[in-house]
Amino acid sequence: MCRVCYLEVDPSYGSYRCSASDCNYIAHALCATDKAIWDGTITLEGYDERSEEVVHEPWNLITDVVEQISIGELMVASEIKHSYHDHNLRLTFSGKTKDEDSQCDGCTRPISTPFYSCEQCKFFLHKDCAELPKKMPHPFHRHLLTLTNSDDEEGHSWCHACDRCYQGFSYGCYEGNCFFRIDIQCMLFSDTLKHPSHEHSLFLVHNNNGTSCSACFKELYPWNVAYRCMKRCDFSLDVGCATLPLIAWYKYDRHPLTLTYSDNSEPSQHYCDLCEKEREPNRWLYYCADCDNSLHLNCAIGDLPYMKLGNKVNYYSHKDPLSVVKNIWNCPPCKVCGEICNGHALECKESECNIIVHWDCLWEPKWSI
């Protein structure tokens, strides 16, 4: 089976195969030379591709080990110096942080053990994020990608895989005029996916022209990557839906809400328990079976799930930077639309200003704040 289009390879025609004896990777000639897959580099016969292995080389790491401890036969770095932080970081194996809303500064997801933290400031890194290499290949893109912690001049970046705004570490392409960027969560995905929303394995496909995501029903364009079922199920997932967290939390529910893929309740129940607006029954939702709470996806995870609380962003028509906040109780109204800012929002902390605005409202062209 071709590992690009996942159709059968006829051995009577030419194909590309991996030269390693223990690897069965194969691709049609046209698939392997597709511009979305191949960057045009030609490797001479007899070249040892192992010389290009960069992921696990010492020079490709961005951490220096300061102190190690022994756990059985395994040596673990208990203290490190990371290239993207001024102070040393200590390893935590168990327990919680003082702030339950703490987020990893690498992937911006909620912090969980094991993680490294700074004793002098609120800087956290999952152990996996701290061990990311400088350079890494990825099936989403044809060029080698480089780790960076820089955002654009607005104070955030845009992931070309999941199409979401984010802060934190990312991998970017600096090959010629290529500006591909991908956040850490998407970078951890491979070319195959087993998702609980579908019974079969899903495979990464580059050319998705004429298809749509089976979760959000958005049309997929030729430049979008997506995961597709190859068993004639006509099931596809874009990367944004594939990376949705399987569990979310709701302030009025003591139980976790589970990502749910269908809703068989009565039509009168097709409303979101947070915003109280109607839900489409064929759309994914977050649901608590114990309390019968149902929420829109964005109402559950927020408009800015991959932005770090307290970080600042810049907006061209406002003189001061805006801070990322999460309102739980006593939610103020949005300066633009007038509706309450329940959950993630952007707030100006300057005393003479004190405005708050939804993320989507910030980009309305007719408004200036």
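All values reported here derive from a predicted model rather than from experimental measurement. Start at 1 with the first residue, then count along the sequence.
Distance alone, capped at 3.5 Å, is enough to place a donor-acceptor pair between the H82 side chain and the Y84 backbone. Of the possible donor and acceptor atoms, none in the side chain of N314 sits under 3.5 Å from a partner among the backbone N and O of P321. With H206 contributing its side chain and V4 its backbone, the two residues share no donor-acceptor pair below 3.5 Å. Judged by distance alone, the side chain of N327 and the main-chain N or O of N342 form no donor-acceptor pair under 3.5 Å. At least one donor-acceptor pair under 3.5 Å links the side chain of S83 to the backbone N or O of I62.
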Step-by-step salt bridge (Lys or Arg N to Asp or Glu O under 4.0 Å) determination, D183 to R164: CA-CA 9 Å; D183 70 12; R164 286 198 187 98; over 6 Å; no

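Residues in residues 271-299 take part in these ring-ring contact (aromatic ring centres under 6.0 Å, His included) pairs, two or more places apart or across chains: H195-W284, Y261-W284.
In this structure, F123 and H85 have parallel ring planes: the angle between them is below the 30° cut-off, well short of the 60° mark.
Applying the side-chain contact (heavy atoms from CB on, under 4.5 Å) criterion to K194, with sequence neighbours excluded, gives S201.
A salt bridge links R279 to D263: one of the charged nitrogens lies within less than 4.0 Å of a carboxylate oxygen. Under a 4.0 Å N-O distance rule, the pair K218/D238 does not qualify as a salt bridge.
Figure legend: cation-pi geometry between R181 and Y171 absent, as NZ or CZ is not positioned both under 6.0 Å from the six-membered ring centre and within 45° of its axis.
No side-chain heavy atom of L145 sits less than 4.5 Å from a side-chain heavy atom of P137.
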